[in-house]
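Step one of this worksheet: look at the structure below.
Both ligands and their constituent atoms are indexed starting at 1 by order of listing.
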Amino acid sequence: MTQAEGDAMGLSPVQIQALLFAAYTRSDVATVGNFAGAIGTTHVTAVKIINGLVRKGLVSKAQKPEDRRVTLLNLTPEGKVIVSQLNHWGHSLEEALGSIPDEALADFEIGLSAIISAMQQRGQLVVAEPCLGCMHFQPNTGEAVTPHFCGLIQQYLTHEASLQECPEHTPIEV
Ligand code: SF4
């Protein structure tokens, strides 16, 4: 389904995942390595996917100033236009699920959460999330421009940065 929807835009599903990763991941952790982790592939494969998007003019690469071995990903203006058109990506699957009773979907969600959690614990899956709910998040402890603090990277964050996805999000134990 996602292949058919991607074909209409001239993109593969994994290329669309890469564009969404670049769009919604905090800029200082939107790296090729973290993208590889996010989709569960090797660094080499991730580089090939990204290079395809660079050739299409949708993504640009830059070395991280603090560590030149790390490559950061950014959307180009053309890439941002494509991402703005992806609001309905995946609608075919949503429509198919629409006929399933809520109770069955709720059971499915519980099962799926258990699988994701087990894979996360085994290091087989990275689930990036915004700061809220992360054990390292210390909200409203800074100043107006950078109100929040991350205990993991020991840095203050803007509110906008805290709303972006972080692959190091560690859920608070309940
Ligand atoms: S580790 Fe947690 S608090 Fe720090 S940036 Fe990532 S999500 Fe936010």
Checklist line | Protein residue, atom and distance nearest to atom 6 (Fe) of ligand 1, heavy-atom basis | finding: C166 SG, 2.4 Å
Check: Under 4.0 Å from any heavy atom of F137, which atoms of ligand 1 are there?
Finding: 3 (S)
Next item on the list: Taking all non-hydrogen atoms of both residues into account, name the closest pair between S92 and E5 and its distance.
Entry: OG-OE2, 2.6 Å
Note to self: Would I153 count as a contact residue for ligand 1, given that I'm defining contact as a non-hydrogen atom of the residue lying under 4.0 Å from a ligand atom?
What the structure shows: no
Checklist line | Region of R26 that comes within reach of ligand 1 [heavy atoms, distance under 4.0 Å] | finding: side chain
Notebook entry, point to check: Taking all non-hydrogen atoms of both residues, which atom of V29 and which atom of E165 are closest, and how far apart?
Noted result: CG2-O, 4.4 Å
Note to self: With heavy-atom distances below 4.0 Å as the criterion, list the atoms of ligand 1 near H169.
What the structure shows: 7 (S)
Item checked: In one Ile/Leu/Val/Met/Phe/Trp/Tyr side-chain cluster, 4.5 Å: V126, Y24 -> no
Notebook entry, point to check: Taking side chain as C-beta onward, heavy atoms only, is K61 less than 4.5 Å from V54?
Noted result: yes
Next item on the list: Have a look at ligand 1 and work out which part of C134, if any, has a heavy atom under 4.0 Å from it: side chain, backbone, both or neither.
Entry: side chain
Item checked: For atom 8 (Fe) of ligand 1, the protein heavy atom that lies nearest, with its residue and separation -> C131 SG, 2.3 Å
Notebook entry, point to check: Is the distance between the ring centroids of H148 and F137 less than 6.0 Å?
Noted result: yes
Check: Counting from 1, what ligand 1 atoms have a heavy atom of L152 closer than 4.0 Å?
Finding: 1 (S)
Notebook entry, point to check: Is M9 linked to V83 within one hydrophobic cluster, defined over Ile, Leu, Val, Met, Phe, Trp and Tyr using a side-chain heavy-atom separation of less than 4.5 Å?
Noted result: yes
Check: N/O/S atom of C150 under 2.8 Å from atom 4 (Fe) of ligand 1, yes or no?
Finding: yes
Notebook entry, point to check: Are the side chain of K56 and the backbone N or O of G10 linked by a donor-acceptor pair below 3.5 Å?
Noted result: yes
